[in-house]
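Taking it in order: structure first as structure tokens, then the write-up.
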Amino acid sequence: MTERAIRAYQSSDSERLLDIWLAASRIGHPFLGDAVLLQQRDMVRDLYFGNAEIWVATENGYPVAFIGLLETFIGGLFADPAVHGGGHARALVEHAAGLKPFLELDVYALNPVAPGFYRHLGFAETGRRPRDDEERPFELIRMRRG
């Protein structure tokens with residue numbers, strides 16, 4: 001039997017979460033290219049892990065997904081592709097929704113799964129912008145729940 005849990009991030013999770021981030025980003029953000037993703041991986045490690053409120057979904061104590069919150073903003077939600085569809089991402093969003101009065105996020109319009117996933121969880125589109133945070137020509141959808 002698989003034991004599932006959600007717990008707070010621990011610094012010892014860093015390398016495993018970076019592996020999850022990269023594997024999931026290669027599926028959700030292939031349009032960015034591997035060189036950009038590898039560069040972003042370093043930024044996630046060096047800046048994000050120290051500044052975000054991170055919750056980790058585990059199976060039998062092993063990290064399989066995580067969500068990063070910056071106040072009420074979901075800075076990232078990533079699941080190991082081996083467990084996609086297993087409910088971990090949904091559980092993390094519901095956990096975060098229980099902690100915050102509302103949730104917001106930006107998602108790439110080109111992501112093949114995420115916009116529909118968030119709509120299914122009750123997020124509504126509140127706006128769009130034609131460029132991402134690094135001014136690349138990839139449209140972002142702003143969504144909000146609550």
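Note that the structure is predicted; figures quoted are calculated from it, not measured.
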Flag the pair [X] / [Y] as yes when at least one side-chain heavy-atom distance between them is below 4.5 Å, and no otherwise.
X: Arg131; Y: Pro137; value: yes
X: His29; Y: Val36; value: no
X: Gln10; Y: Ile54; value: no

Task: Donor-acceptor pair, side chain of Asp80 and main chain of Ile20, under 3.5 angstrom - done: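 The answer is no, because no donor-acceptor pair under 3.5 Å joins these two groups.
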Open item on the list: Test your reading of the model: is there a side-chain donor-acceptor pair from Tyr118 to the backbone of Val107, 3.5 Å cut-off?
Closed with: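 No, Tyr118 side chain to Val107 backbone: no donor-acceptor pair under 3.5 Å.
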Open item on the list: Go through it in stages, so that I can follow the logic: the residues are Val83 and Glu59, the test is side-chain contact (heavy atoms from CB on, under 4.5 Å), and I'd like the CA-CA distance, side-chain angles, deciding distance and then a yes or no.
Closed with: CA-CA 10 Å; Val83 301; Glu59 282 189 359; 4.1 Å; yes
TODO: For salt bridge (Lys or Arg N to Asp or Glu O under 4.0 Å), just list the numbers for Asp42 and Arg45, CA-CA rounded to whole Å, side-chain angles, deciding distance to a tenth of an Å, and then say yes or no.
DONE: CA-CA 5 Å; Asp42 292 341; Arg45 181 193 62 232; 3.3 Å; yes
Shared hydrophobic cluster, [X] / [Y] (ILVMFWY, side-chain heavy atoms < 4.5 Å):
X: Val44; Y: Val56; answer: yes
X: Trp55; Y: Phe66; answer: no
X: Phe49; Y: Ile6; answer: no
X: Leu32; Y: Phe78; answer: yes
X: Phe117; Y: Ile74; answer: yes

When rounded to the nearest 0.5 angstrom, what is the spacing between [atom1] in [X] and [atom2] in [Y]?
X: Glu53; Y: Thr72; atom1: CD; atom2: OG1; result: 10.5 Å
X: Leu140; Y: Asp133; atom1: CG; atom2: CG; result: 6.5 Å
X: Thr126; Y: Leu105; atom1: OG1; atom2: CG; result: 8.5 Å
X: Ile67; Y: Leu103; atom1: CD1; atom2: CG; result: 7.0 Å

Over all atoms of both residues, closest heavy-atom pair of [X] and [Y]:
X: Pro63; Y: Leu17; result: CB-CD2, 4.0 Å
X: Lys100; Y: Glu71; result: CE-O, 3.1 Å
X: Arg128; Y: Ala109; result: NH1-CB, 4.0 Å
X: Ala79; Y: Ala24; result: O-CB, 3.5 Å
X: Leu69; Y: Tyr48; result: N-OH, 4.2 Å
X: Leu22; Y: Leu37; result: CD1-CB, 4.0 Å

Taking only residues two or more places apart in sequence, or in another chain, which ones meet [X] in a side-chain hydrogen bond (donor to acceptor under 3.5 Å, both in side chains)?
X: Tyr9; value: none
X: Glu94; value: Arg145
X: Glu134; value: Arg136

Open item on the list: side-chain contact (heavy atoms from CB on, under 4.5 Å), that's the test. Do Val113 and His84 meet it? Break it down for me.
Closed with: CA-CA 11 Å; Val113 175; His84 276 186; over 6 Å; no
TODO: Measure up the Tyr108 and Phe31 rings against each other and bin them: parallel (under 30°), tilted (30 to 60°), perpendicular (over 60°).
DONE: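 Judged by the thresholds at 30° and 60°, the geometry between Tyr108 and Phe31 is perpendicular.
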TODO: Would you check, one step at a time, whether the test side-chain contact (heavy atoms from CB on, under 4.5 Å) holds for Asp13 with Arg16?
DONE: CA-CA 6 Å; Asp13 294 327; Arg16 172 65 182 141; 5.6 Å; no
TODO: Apply side-chain contact (heavy atoms from CB on, under 4.5 Å) to Phe73 and Arg142, showing your working.
DONE: CA-CA 10 Å; Phe73 189 83; Arg142 174 63 59 108; 3.7 Å; yes
